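Some notes on the structure that comes next.
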Amino acid sequence: MQVAAGYAVRLYTSGLNRPQLMAIGPDGALYVAERSANRVVRLADANVDGRADGITLMATNLPGGHSLAWHNGDLYAAGNATVWRLRDNDSNGMFESSEITVIVDGLPDDGGHSTRTARIGPDGMLYVSVGSKCNITVGCSEGDPSRSAILRYTLVGDIPADNPFASDPDPRRRAVWAEGLRNSVDVIFFPTGGCGPCTTAAMAWATICRQKRY
């Protein structure tokens with residue numbers, strides 16, 4: 001790996017089990033979702049030497065945990081079929097099972113592209129990316145309108161009234177905010193309004209998502 005002059009790359013920590021997306025917490029520590037361990041860990045650097053002091057277990061039993069996002073002191077995590085809210089009510093530095101609330105459940109997780117990413121938009125809504133069931137497979141049918149899409153919910157998992165398909169006869173489509181996106185591994189929000197998916201072809205898809213404003 002080569003980096004620009006004045007920069008360096010060093011090992012921050014090791015031994016994680018398929019670490020996926022990360023987020024800096026309100027305490028300044030790095031939080032990581034370990035997809036194959038179904039857990040969230042905290043990697044603090046108290047002495048600011050550029051290396052994690054250790055690996056602190058924060059939450060367990062989060063199947064396929066892939067993404068993390070902080071909002072108003074709560075941590076939102078997305079797994080294969082579920083989005084959870086983690087809230088440290090007793091301030092003991094860990095999220096016990098009683099402090100983990102299911103916000104969205106039943107997301108399609110069959111086939112390929114099983115990672116799910118949850119982000120909180122500037123409008124205070126929850127956005128969840130759901131990839132396609134297929135790659136480039138002849139005769140493959142998604143079978144679910146919430147696939148290849150970015151979904152939008154309230155922070156308690158309800159369907160916002162201003163979703164474009166909020167009244168669709170198929171309840172699986174009511175959360176859809178943007179569709180036709182093969183596999184949005186992440187979601188970004190533009191200062192001028194709108195959102196865009198992050199994939200290897202992000203720029204090709206960005207204008208599709210930006211047509212829908214929050």
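Worth saying up front: this structure is predicted, and the values here are computed from it rather than measured.
Not counting sequence neighbours, Glu99 has no partner by the side-chain hydrogen bond (donor to acceptor under 3.5 Å, both in side chains) test. Applying the salt bridge (Lys or Arg N to Asp or Glu O under 4.0 Å) test to Asp105 and every residue at least two apart in sequence or in another chain returns nothing. Every residue two or more places apart in sequence or in another chain that forms a side-chain hydrogen bond (donor to acceptor under 3.5 Å, both in side chains) with Asn80 is listed here: Arg35. Residues passing the side-chain hydrogen bond (donor to acceptor under 3.5 Å, both in side chains) test with Ser67, sequence neighbours excluded: none. Listed by chain and residue number, Arg173 satisfy the salt bridge (Lys or Arg N to Asp or Glu O under 4.0 Å) test with Asp168 (two or more places apart in sequence, or in another chain). Remark: Phe95 pairs with no residue by the ring-ring contact (aromatic ring centres under 6.0 Å, His included) rule, at least two apart or across chains. The side-chain hydrogen bond (donor to acceptor under 3.5 Å, both in side chains) test applied to Arg51 returns no partner, not counting sequence neighbours. Taking the salt bridge (Lys or Arg N to Asp or Glu O under 4.0 Å) definition, one finds that Arg85 meets it with nothing, sequence neighbours left out.
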Acceptor/donor pairs from residues 68-79 side chains to any protein atom, 3.5 angstrom cut, sequence neighbours excluded:
from	atom 1	to	atom 2	distance (Å)
Asp74	OD1	Arg87	NE	2.9
Asp74	OD2	Arg87	NE	3.3
Asp74	OD2	Arg87	NH2	2.7

In a table with atom names and distances, give each donor-acceptor pair under 3.5 Å that connects a side chain of residues 39-48 to protein atoms at least two apart or in another chain.
from	atom 1	to	atom 2	distance (Å)
Arg39	NE	Glu34	OE2	2.4
Arg39	NH2	Glu34	OE2	3.0
Arg42	NE	Asp27	OD2	2.8
Arg42	NE	Tyr31	OH	3.3
Arg42	NH2	Asp27	OD2	3.1
Asp45	OD1	Val48	N	3.1
Asp45	OD1	Asp49	N	3.1
Asp45	OD2	Asp49	N	3.4
Asp45	OD2	Gly50	N	3.0
Asn47	OD1	Asp49	N	3.4

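Screening residues 13-23 for salt bridge (Lys or Arg N to Asp or Glu O under 4.0 Å), with sequence neighbours left out, gives no hits. For residues 59-73, there are no salt bridge (Lys or Arg N to Asp or Glu O under 4.0 Å) pairs, not counting sequence neighbours.
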| request: Using the side chain to side chain contact (heavy atoms under 4.5 Å, CB included) rule, take Tyr153 and Asp158 through it: C-alpha gap first, then chi angles, then the decisive distance, then the call. | output: CA-CA 6 Å; Tyr153 301 90; Asp158 295 332; over 6 Å; no
